[in-house]
Amino acid sequence: MSKWNKEKFLIDLEENCSREVVKITKEIIKFSENNSEHLSWGRGSEHGTMTYRCFSDVGLLPLFHINSEGNINLQINFLRNKDIPKMVLRDMVVKLESNFMREYDTEMYPNDTFEPIEELFHTKSQITKFLKTIEGCAYRLKQ
């Protein structure tokens, strides 16, 4: 059973993060509540986590995690190791690379790690594009 829920997560987030990170994270949570087929809250003792999952031909897949310390973990390498259509993953990677101006190939991004939200999201447009990318990926994984 999870130790964390939305309320506890937000309290911890507000204690640990700037107003801007809290605002961005709340927008991601709202999107996740409306779009995720399986949203889960963590069981850890140090900080809260939320995981966005969607159904696919290979089962329930996590697309990203956020934590109450203001970080996000994009599950790109995890998805690379699953039997999902290559075009779905390629589309996701290309959109994330253009949105965040970063390389997500296997050489430049060898491991899925938590990255500070404040270093990825600088504009409202970036948040919107990220959420549209996740929405599109989840939709294509269900086909």
Side-chain angles (χ1 to χ4, degrees), residues 1-85 88-142:
M1 177 160 218
S2 67
K3 174 183 176 181
W4 293 86
N5 60 31
K6 180 181 177 182
E7 293 77 28
K8 290 178 184 176
F9 183 95
L10 291 174
I11 290 168
D12 197 49
L13 180 73
E14 289 172 354
E15 289 175 3
N16 291 314
C17 302
S18 68
R19 284 185 318 183
E20 191 60 33
V21 170
V22 170
K23 181 179 170 184
I24 293 166
T25 305
K26 283 182 176 180
E27 191 164 342
I28 293 171
I29 291 171
K30 182 179 177 184
F31 165 84
S32 299
E33 290 175 323
N34 292 331
N35 294 283
S36 176
E37 291 157 325
H38 185 269
L39 188 65
S40 64
W41 301 95
R43 297 183 303 232
S45 58
E46 294 183 24
H47 58 265
T49 57
M50 183 206 76
T51 302
Y52 179 105
R53 291 185 178 88
C54 69
F55 288 114
S56 73
D57 290 341
V58 296
L60 203 54
L61 292 175
L63 298 185
F64 68 88
H65 308 289
I66 56 174
N67 69 28
S68 60
E69 293 180 334
N71 300 303
I72 189 166
N73 183 322
L74 306 172
Q75 292 290 281
I76 296 168
N77 287 303
F78 177 83
L79 294 173
R80 281 188 177 116
N81 294 319
K82 296 297 178 185
D83 190 25
I84 64 170
V88 175
L89 183 61
R90 179 159 167 46
D91 183 55
M92 180 182 180
V93 168
V94 167
K95 288 178 179 175
L96 291 174
E97 285 178 340
S98 67
N99 190 38
F100 297 135
M101 302 301 289
R102 292 177 173 218
E103 296 287 333
Y104 288 107
D105 62 14
T106 54
E107 189 174 310
M108 298 297 288
Y109 191 74
N111 300 308
D112 294 327
T113 58
F114 278 96
E115 301 178 61
I117 287 173
E118 63 192 3
E119 291 181 13
L120 288 179
F121 299 98
H122 301 287
T123 65
K124 173 73 172 159
S125 173
Q126 285 180 307
I127 300 165
T128 302
K129 288 177 183 176
F130 168 73
L131 298 177
K132 289 289 184 190
T133 298
I134 296 300
E135 183 178 39
C137 183
Y139 176 77
R140 291 181 71 191
L141 285 170
K142 287 186 267 187

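Between the side chain of H122 and the main chain of E119, a donor-acceptor pair closer than 3.5 Å is present. For D112 (side chain) and N77 (main-chain N/O), a donor-acceptor pair under 3.5 Å exists by modelled atom type. Formation of a donor-acceptor pair under 3.5 Å by the N99 side chain with backbone atoms of Q126 is found in this model. Between the side chain of S68 and the main chain of G48, a donor-acceptor pair closer than 3.5 Å is present. Side-chain atoms of W4 come within 3.5 Å of backbone N or O of G44 as a donor-acceptor pair. A donor-acceptor pair under 3.5 Å is formed between the side chain of N34 and the backbone N or O of K30. The main-chain N or O of K95 is found under 3.5 Å from a side-chain atom of S98 such that the two form a donor-acceptor pair.
Partners of T113 by side-chain contact (heavy atoms from CB on, under 4.5 Å), not counting sequence neighbours, listed by chain and number: N111, E115. The salt bridge (charged side-chain N to carboxylate O under 4.0 Å, His left out) search around K8 returns none, not counting sequence neighbours. Among residues two or more places apart in sequence or in another chain, the salt bridge (charged side-chain N to carboxylate O under 4.0 Å, His left out) test is passed with E97 by none.
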field: Step-by-step side-chain contact (heavy atoms from CB on, under 4.5 Å) determination, I66 to I29
entry: CA-CA 9 Å; I66 56 174; I29 291 171; 3.7 Å; yes

message: side chain to side chain donor-acceptor pair (under 3.5 Å), that's the test. Do H65 and T51 meet it? Break it down for me.
response: CA-CA 4 Å; H65 308 289; T51 302; 2.7 Å; yes

- prompt: How far apart are the C-alpha atoms of S40 and M50, what are their side-chain angles, what is the distance that settles it, and do they pass the side-chain contact (heavy atoms from CB on, under 4.5 Å) test?
  reply: CA-CA 6 Å; S40 64; M50 183 206 76; over 6 Å; no

field: Intermediate values then yes/no, salt bridge (Lys or Arg N to Asp or Glu O under 4.0 Å), K142 and E37
entry: CA-CA 11 Å; K142 287 186 267 187; E37 291 157 325; 3.1 Å; yes

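Atom CG of L79 sits about 12.0 Å away from atom CZ of F64, to the nearest 0.5 Å. Put simply, OG1 on T49 and NZ on K3 are 11.0 Å apart, with the number rounded to the nearest 0.5 Å.
Among residue pairs with one or both ends in residues 53-82, none qualify as salt bridge (Lys or Arg N to Asp or Glu O under 4.0 Å); sequence neighbours excluded. Each ring-ring contact (aromatic ring centres under 6.0 Å, His included) pair with one or both residues in residues 11-32, not counting sequence neighbours, appears once here: F31-Y52.
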Which donor-acceptor pairs under 3.5 Å do the side chains of residues 128-140 make with protein atoms, sequence neighbours left out?
from : atom 1 : to   : atom 2 : distance (Å)
T128 : OG1    : K124 : O      : 3.1
T133 : OG1    : K129 : O      : 2.8
R140 : NH1    : D91  : OD2    : 3.4

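Ion pair E33/K6 flagged as a salt bridge, since at least one NZ, NE, NH1 or NH2 atom sits closer than 4.0 Å to an Asp/Glu carboxylate oxygen.
Minimum interatomic distance between F100 and L120 (heavy atoms only, all atoms of both residues): CD2-O, 3.4 Å. Summarising the geometry of S32 relative to L39, their closest heavy-atom pair is CB-CD1, 3.7 Å, with the distance given to 0.1 Å.
Within a 6.0 Å radius of CG in D105, other residues, nucleotides and ligands contribute more than 12 heavy atoms.
Counting only heavy atoms from C-beta outward, the side chains of L63 and Q75 never approach each other to under 4.5 Å.
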